[in-house]
Amino acid sequence: MLTRKQSELLRFIHERLQESGVPPSFDEMKDALDLRSKSGIHRLIMALEERGFIRRLANRARAIEVLRLPESATVSTPRAQKFSPSVISGSLGRLRTPQPSREGETAQPVMVPLMGRIAAGTPISAIQTRTQTLAMPPEFLGSGEHFALEVRGDSMIEAGILENDTVIIRKQETAETGDIVVALIDEEEATLKRFRKRGASIALEAANPAYETRIFGPDRIRVQGKMVSLLRRY
């Protein structure tokens with residue numbers, strides 16, 4: 001039997017994993033449960049792990065896997081996979097939407113262009129041109145058009161995003177507070193950060209205490225897409 005706070009935290013983690021593929025930060029957990037400090041989150045995490053509801057993954061910053069929900073139903077959560085995507089060279093137009101598969105058939109992969117590197121740290125040059133193409137399982141995507149970027153830097157480690165990961169981005173020009181986005185700063189520098197609205201300003205927030213949150217006027221930031229999946233090679 002879980003306490004109310006343990007159950008609330010478990011469901012919050014599960015819903016965030018289902019939504020974005022990465023677990024929430026400790027600050028987000030604290031805010032969601034209306035706790036005053038992160039020490040309370042640490043105690044809840046330990047209790048959930050001891051009871052077999054979650055598993056913390058070694059060598060990955062605060063990465064959490066949900067094993068089951070309070071009803072004891074086993075769940076499957078989107079997370080970084082041991083996945084070596086097929087690489088196909090050549091040009092690519094607008095992405096094709098996968099057709100519904102017949103029962104028993106495997107869904108066809110969707111071709112996603114790899115557009116170079118993105119900084120999860122100090123912003124680097126704006127997104128480069130397509131370098132190659134990845135064959136992605138449809139369940140890693142959603143509706144719309146997507147592109148992939150290789151991560152450089154460590155500013156998003158507490159969101160489970162590590163250097164050399166590949167993030168899958170859905171193209172869109174808007175974002176909600178809390179989304180992890182590709183943001184173009186002054187039409188020159190691209191960076192991967194958590195998007196937050198602060199009054200009339202926009203905050204690009206790192207998930208690493210070593211990096212400061214950067215504040216910009218809305219005319220200086222252009223959202224290029226929202227992160228929807230993550231790939232990792234071991």
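We number each residue from 1, following the sequence as shown. This one's a predicted model, so the numbers in the text were calculated from it and none came from an experiment.
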**OP:** Step by step, work out the side-chain contact (heavy atoms from CB on, under 4.5 Å) result for Leu9 and Ile45.
**Re:** CA-CA 8 Å; Leu9 179 60; Ile45 289 290; 4.0 Å; yes

Subject >> Full working for side-chain contact (heavy atoms from CB on, under 4.5 Å) between Arg194 and Glu28 >> reply: CA-CA 12 Å; Arg194 196 174 295 282; Glu28 290 174 321; 3.1 Å; yes

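Put simply, the side chain of Glu163 reaches to within 4.5 Å of the side chain of Arg152, judged on heavy atoms. Annotation: side chain of Leu141 is in contact with side chain of Met136 (closest heavy-atom distance under 4.5 Å). With contacts defined as side-chain heavy-atom distances shorter than 4.5 Å, the pair Ile180/Ile161 qualifies. With a 4.5 Å cut-off on side-chain heavy atoms, Leu69 and Leu10 count as touching. For the pair Leu149 and Leu192, the minimum side-chain heavy-atom distance is 4.5 Å or more. Ile185 places none of its side-chain heavy atoms less than 4.5 Å from the side chain of Lys193. Between Val223 and Ile202, every side-chain heavy-atom pair lies at or beyond the 4.5 Å cut-off. In this structure, the side chains of Ile64 and Met29 come closer than 4.5 Å at one or more pairs of heavy atoms.
Not a single donor-acceptor pair under 3.5 Å links the side chain of Asp179 to the backbone N or O of Val181. Counting only distance, with no hydrogens or angles, the side chain of Arg16 and the backbone of Pro23 share no donor-acceptor pair below 3.5 Å. In this structure, the side chain of Ser25 does not engage the main chain of Ala159 through any donor-acceptor pair within 3.5 Å. Looking at Asn208, its side chain never comes within 3.5 Å of a backbone N or O of Ile157 through a donor-acceptor pair.
When every heavy atom of Ala203 is checked against every heavy atom of Arg198, the shortest pair comes out as CB-NE, 3.7 Å. Minimum interatomic distance between Met227 and Ile169 (heavy atoms only, all atoms of both residues): CA-CD1, 3.6 Å. The two residues Thr166 and Ala148 have their closest heavy-atom pair at CG2-CB, 4.0 Å. Heavy atoms only, all atoms of each residue included: Phe147 and Gln224 are closest at CE2-O, 3.9 Å. Closest heavy-atom contact between Arg170 and Ser143: CD-O, 3.2 Å. Residues Gly160 and Leu230 approach most closely at O-CD1, 3.8 Å, considering heavy atoms.
The NE2 atom of His146 sits 8.5 Å away from atom CD1 of Ile168, with the distance rounded to the nearest 0.5 Å. Atom CG of Leu48 sits about 10.0 Å away from atom CZ of Arg68, to the nearest 0.5 Å. To the nearest 0.5 Å, the span separating CG on Leu67 from CZ on Arg51 amounts to 14.5 Å. To the nearest 0.5 Å, atoms CZ (Phe195) and CG (Leu204) are separated by 8.0 Å. We find the CD-NZ distance between Glu145 and Lys171 to be 4.0 Å, quoted to the nearest 0.5 Å. Summarising the geometry, atom OG belonging to Ser201 is positioned 14.0 Å from atom CZ belonging to Arg214; distances are rounded to the nearest 0.5 Å.
For Lys5, the side-chain contact (heavy atoms from CB on, under 4.5 Å) partners two or more places apart in sequence, or in a different chain, are Thr3, Glu8, Leu33, Leu35, Leu44.
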